[in-house]
Structure formats: C-alpha cells, structure tokens
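As structure tokens, the structure follows; a few thoughts come after it.
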Amino acid sequence: MRVRILASGLALLLAACGRGPAPAAPTPAAVAEPDTVRRDIRWAARPVPVPPSFQRAVDEGTRTLDGRPGPAYWQQRVVYRIDAELDPGTGRLQAEERVTYHNRSPDTLHVVVFNLYQNLFRAGAPRNDPVPVTDGLVLERFAIAGAEADPIDIDAEAPPDRATYHLDGTLLVAHLPRPLAPGDSVEFQVAWHFTVPPADAPRTGRSDHAVYQVAQWYPQIAVYDDLRGWNADPYLGTGEFYLEYGDFDVAITVPEGWLVAATGTLENPDEVLTDMARDRLGLALRSDSVVQVVSVDDRDAGNATQRVPGGQLTWRFQARDVRDFAFAASDRYVWDATRAVIADGAGGRRDTVAVHAFYRPSAIAWRNAARFTRHALTYMAGIGHPYIYPQITATEGPVFGMEYPMIVFVADIENQGLLYTVIAHEVAHMWYPMMVGSDEKRHAWQDEGPASYLENLALADIARDGDVWGDELWNYMQVAGTELEKPMMREADLYGPGPAYGVASYSKPALLLRALGHIIGPDTLHMALREYSRRWLLKHPAPLDFFNTVEDVAGRDLDWFWHPWWYETAVLDQAIADVAITPGAAGETVVITVEDRGDAPMPVLLVVTLESGEARRVTVPVDVWLEGARRHRVELEVPDRVTRVEIDPEDVLLDVDRTNDVWVRGAQQR
Ligand SMILES: [Zn+2]
C-alpha cells in the first residue's frame, strides 16, 4: 500500500532540481587518529539478536545463518477454486470456494486457521482506524473433507472426530475431524456473501455502484510456518498480510457490459470478449504502442463484451504461484493494453509481459497509466529479479494505492508525477511481497522499504531527476530521535496513531537502503536484493534472512548498521568540529576534525572543495566509530586553497543536524 505519512509536498519533490555533477572518486582518509572520548552506550556494538524461533529453525535445518533457506525448508501450499457473483446494484458479492490445503510441514495439524478479513467492517469489530460498517462476511456453509462443519462457541472444547469451527473476529478456526498428517491434504468447501464496503475502506471498496476494487474477499487460509506455526493474527486495519502461496482458478460473474480485471490470466476471452476486442488485445500484445482495447464507444454489451441470454457474463481467471487474488470491475472503464519486454535476469533472453490499464475516462492522467506501469515494471525488472508473472494490470478506483499479485488498485490522481509514483510503488510490490513473500504484518518495512526504495529509483529514471528523496527525508526528519519515532522492528499494528508506522515502514527503510548503497556500493546492494529475491522467491523470508543475505553478498558484517537503525531509534549526527589549515610549498595541508555526536554510526563522506572548483572525496570508514571514538581527525594535502569542507553533501546518510556539517573558509565557525 502507499500511505501519506505526513502532509508532504510532492510538488516540491518533483520541482526539486539536481545537485550538479557528481564529485570526484573517493580517496582514502590520510590519517586515522581515534580520540580518547568514548561513548557510554554503543548500539553499534550489539549484534543483531537471533530470536529463539529462528535459532530453532536453524537447528532443524529450515533456515540458515547465511541468509539461505535451509535444506529442510518447507512451506504449505493452497489451491483455490472460487465461483463469485457480483451484483453491482447492491454491492453484494456471493461466492463459494473449494480450497485444498497441502500440509508439507513435518507437523500433524488438528486445526486450520482462516482469515475472514471482511469482518473488520462489522459494527464493533476491534480495529485501529474507523472504517465504513457492513455486515462483514456472512458464512453460509463450511465443510471440511466433505463433512458439514458446525459452529461451536469460541470457549467450547471441539468435540473429537467431528468437523466444527469457531469464529473469532476476523479469524475462523476449523477443527478437523481427522488430524492432517504431514504430506496429506484436506479440502474445505465454503459458501459466503458480503457487501463490498463503500469508498474510504482500506485496500478495497467501490465508488458508488460504478467501480469495484475487490480484495480481502474470500475465506483465506492463514500461514503455518517453521518459525511460529499458525500465524493467527487478527486483521485490525493497519498491519497487512502474510499469505501462503498457491494456485487460483476464479470465476467472476458480472452483468454484461462490465469489464473485469484480475490477478492471473483471462482463460475464456472468447466467451466474454467480442472478436473486435480480442483482435485489439492481440495487437496490443505484439505492439510497443498503447492500444485501446475498449473505448468509451465500445462499452455497451455486444460491442467489446459479449451479449448473452440472461445478461450475465462469467470471466474465468487462472493464476499460478501467487499469494492472493484480487479483481476490479466496472461498466465505466475503458481498457488500454500494451506489452513490456523485460529482462529475464540472465542478460540474454527477454520476456514479454502483457500490460493493462482500466480506468474511467474522467481520470485524465490515467491515459498514461499503461505507459507508466510498463516503465515501472521494466525498470524494476532491469535492476531486480525477473518478473515471473505473465501480466500486470493497473486499475483506477476508490483505493488510493494497493498491490495484489499482477494487479494494482490506484485512485484517480490528477497529478501525473504522483500518479506515476503511486503506480510505481504498487508495481514494486510485485517483487516485495508478491514474489518474495515476507510477513507484512510483523515486518512492514520488509516489503514497504524496498518498494519505496524502488519507487524512488524508478521515479528518478522517468523524471530524469536524481533528487527524488526529499519527501522521504522530510518524513523521517520530522520524527527522528523524538518520542514520535518508534523502531522498525515492531509489528505494524503496534505503532499507535501518528506518523511512527509510516516513517518506520516506508521512509526510513527506503532511505536506509539508499544509504546502504553508499556504504557497500549500489551495484552490490542491487546484487544483494536480486540474490535475496532469488533465494526467497515464493518463500517466506524473515528479517534475519534479509540481513544475512545482504551480509553474505557484501562479504562483510553489517550488524553495526542493522542494530541501531532497525532495532532502535538511534540517530546520526556527524559534525565538523574543527578545520585547521597550514600553508605548504605547493598548496595546503588541512586537518579536519569530525565528531560523531549521535548514537547511530555511519562512515563519514567528506567532500573538500578547492578554490579551483575541484572536489576531493574522503571516506572515513565506520570502523573508527565502532572502535569507540567520538572524534576523528582527517589530514589531507591539497595542491590549492581549501574553500569548503562538507559532510555528505548529497544527504544520503540521514544526518539529523545539517547545520554542523559544513565549513566555509572565512565564514564564522560554530
Ligand atoms: Zn506499499
């Protein structure tokens, strides 16, 4: 999802200009003289803790300490067949599913936990933020292995050998009539209905009765993993999702004249689309230009969509290896399509991905949405893991910005730059968490961080402007080091009101990834992201799997980086304490004293500018601070007069006080 963390100005972001040519390549620090001043608390000295659940997983061989899945890694699998009918006039969605649950764990299971997310909208349901109230998900039938299951009270003991279930807010716990042994599977049959909530609902909703963006809509089996067993957490509205991978066959029935866009591939185009629309679609997928598959004039049934007796059309979609399924439907949409030709990651073969955009013509900026979506997908596949799915779809509607496999929900945003930014953010989520299935509820930074990082890189690429980080910096700096800031290693639902969740999940981890690129090199960082994606493709990486993979690829210990920045709210404050200059025979000798006044260590990126305009880069390695120093002297001989000394002029290392980072010759010093 993309949240507005604080009232920040994107216009400012887009208007910001570049900072001029990049300075010269770094040269090593000439002198390293640690001072004797030592700090009382060194966050940096603390290793990243290995939680007991993770240590047990290592001992059992499902995880490792080098960031790879262990040889005994296992994961459950789900297969859904869903038939749904949407009545746009009332907003009612009626559906039934058969879901097969494959127990690949070494454990015998007595219960299976389902998420019923729509119960967030019930009157009186526990939740973090106000939502429009509906009746929630109304269960009509629940059967386990062919046996009708009876509801029992949450406090009642489940009778043995009988199929029962109990409801607990957004959770349903199915008590199996027979234990599910390792290697076995069990089928559930469920029938339900609910009313799609109106606009202002989180992540799903409808604009009146004209546009539907439907998600969190089917009874969904929770994750059972090697770290915690059942992840039976209520849906409270802030924390997002942790989802099992599997296959989906979904049939969605809507009135004729309605278009449906969804996760997966449309399996019956000949039943729902006319020859004309199918021809245009075929053309779009062979073309680099954007083709209008359905225009304003084509929207009546019989033009682009088939006209059928009874007036109801069923759209069938199939998706393999996905962690969720969502769809959008409208009779107001036009439909643009084109193709993306993207890198396959091996440097040779290229894959063609279908790109779709569905929007109301009144959403003017959306005329560029197919192009924007293609740019984001192509750019991100170019630096990351190949995109593994056959299509990507952007749909316009009531949801500001939300991601699902192969489909994103984005609002009618007028500003082109902001529309691109939100689309790019949601497209970045195709990697994290769609292809790399981390636990968003416990570790929101693990998907929102890289998504925000990639979003900014893609924006810089399309806008041809490297300075796109203003908003993220502003967000972080508003709370950095104050009691409003909370650590990134915290469950999403436990941040409380205010900007803490947004900063810790989006801006700060995105900025830290950018900073990490300056510490280990951007190529190494991107190599690490690719390797992390490769190792954990369609799997469930924990934070340690990410940290350890980055360290493995970078070939160095980075606990000094993870601990203070991820586990604490320590801040960086480097300062130029003194600059002493001695004239020499051919230029000057400059001795710069740098102080580390914060509790989060970073290398020092010094730029010394000479009268000739030449800029000398000096990097002081972080090790000087890790050894306990608070002050460090750098001595440099230069062939010219020194006019300016600055710490981190590109502002990449999150220094909270920029006023003590610059020394200008002749100016009064602090
Ligand atoms: Zn997001």
Side-chain angles (χ1 to χ4, degrees), residues 1-6 8 10 13 117 128-129 201-205 213 215-216 235-243 263 322-324 326 369 372-373 376-377 379-380 384 387 392-411 413 417-459 468-469 471-472 475-476 488 490-493 495 499-514 529 533 541 543 546:
M1 188 164 71
R2 189 149 196 293
V3 298
R4 294 173 191 257
I5 297 160
L6 293 160
S8 53
L10 191 93
L13 184 166
Y117 299 114
N128 295 329
D129 293 302
R203 307 180 184 91
T204 182
Q213 290 176 316
Q216 293 90 46
Y235 181 42
L236 297 172
T238 305
E240 293 193 325
F241 310 106
Y242 185 30
L243 306 171
T263 297
V322 289
R323 50 174 251 156
D324 201 357
F372 286 174
T373 305
L377 190 82
Y379 178 82
M380 291 167 190
Y387 182 66
I392 179 89
T393 299
T395 68
E396 176 264 327
V399 175
F400 180 72
M402 185 62 200
E403 71 279 10
Y404 299 98
M406 301 181 228
I407 188 168
V408 302
F409 295 174
V410 178
I413 295 169
L418 184 57
L419 178 63
Y420 178 83
T421 300
V422 178
I423 287 178
H425 179 91
E426 310 311 343
V427 168
H429 278 307
M430 295 305 128
W431 281 265
Y432 314 101
M434 298 310 157
M435 284 152 47
V436 181
S438 60
D439 179 349
E440 301 174 86
K441 205 179 255 310
R442 272 186 186 71
H443 309 293
W445 65 265
Q446 212 175 340
D447 68 294
E448 297 297 355
S452 301
Y453 172 75
L454 290 171
E455 161 207 323
N456 282 303
L457 293 194
L459 178 63
V468 294
W469 293 91
D471 269 16
E472 311 286 14
N475 288 340
Y476 169 65
M488 283 157 57
R490 174 174 290 211
E491 292 181 30
D493 288 310
Y495 279 92
Y501 165 72
V503 169
S505 308
Y506 293 74
S507 300
K508 188 177 169 186
L511 289 165
L512 286 171
L513 284 174
R514 175 178 177 237
L529 286 174
S533 304
F546 174 76

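Fair warning: this is a prediction, and the values are worked out from it, not measured in the lab. Counting starts at 1 for both ligands and their atoms, following the listed order.
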Residues which pass side chain to side chain donor-acceptor pair (under 3.5 Å) with Tyr379, listed by chain and number, not counting sequence neighbours: none

Closer than 2.8 Å to the Zn ion (ligand 1): does that hold for any N, O or S atom in Tyr506? no

Atom nearest to the Zn ion (ligand 1) - Glu448, N, O or S atoms considered: OE1

Is there a donor in the side chain of Gln216 and an acceptor in the side chain of Tyr404, or the other way round, less than 3.5 Å apart? yes

Among N, O or S atoms, His425 approaches the Zn ion (ligand 1) most closely through NE2

Should the ring pair Tyr235 and Phe241 be called parallel, tilted or perpendicular, given that the plane angle runs from 0 to 90° and is split at 30 and 60? tilted

Would you give the angle at the Zn ion (ligand 1) between Met1 atom N and His429 atom NE2, to the nearest 10°? 90°

Is there a donor-acceptor contact under 3.5 Å linking the side chains of His425 and Glu403? no

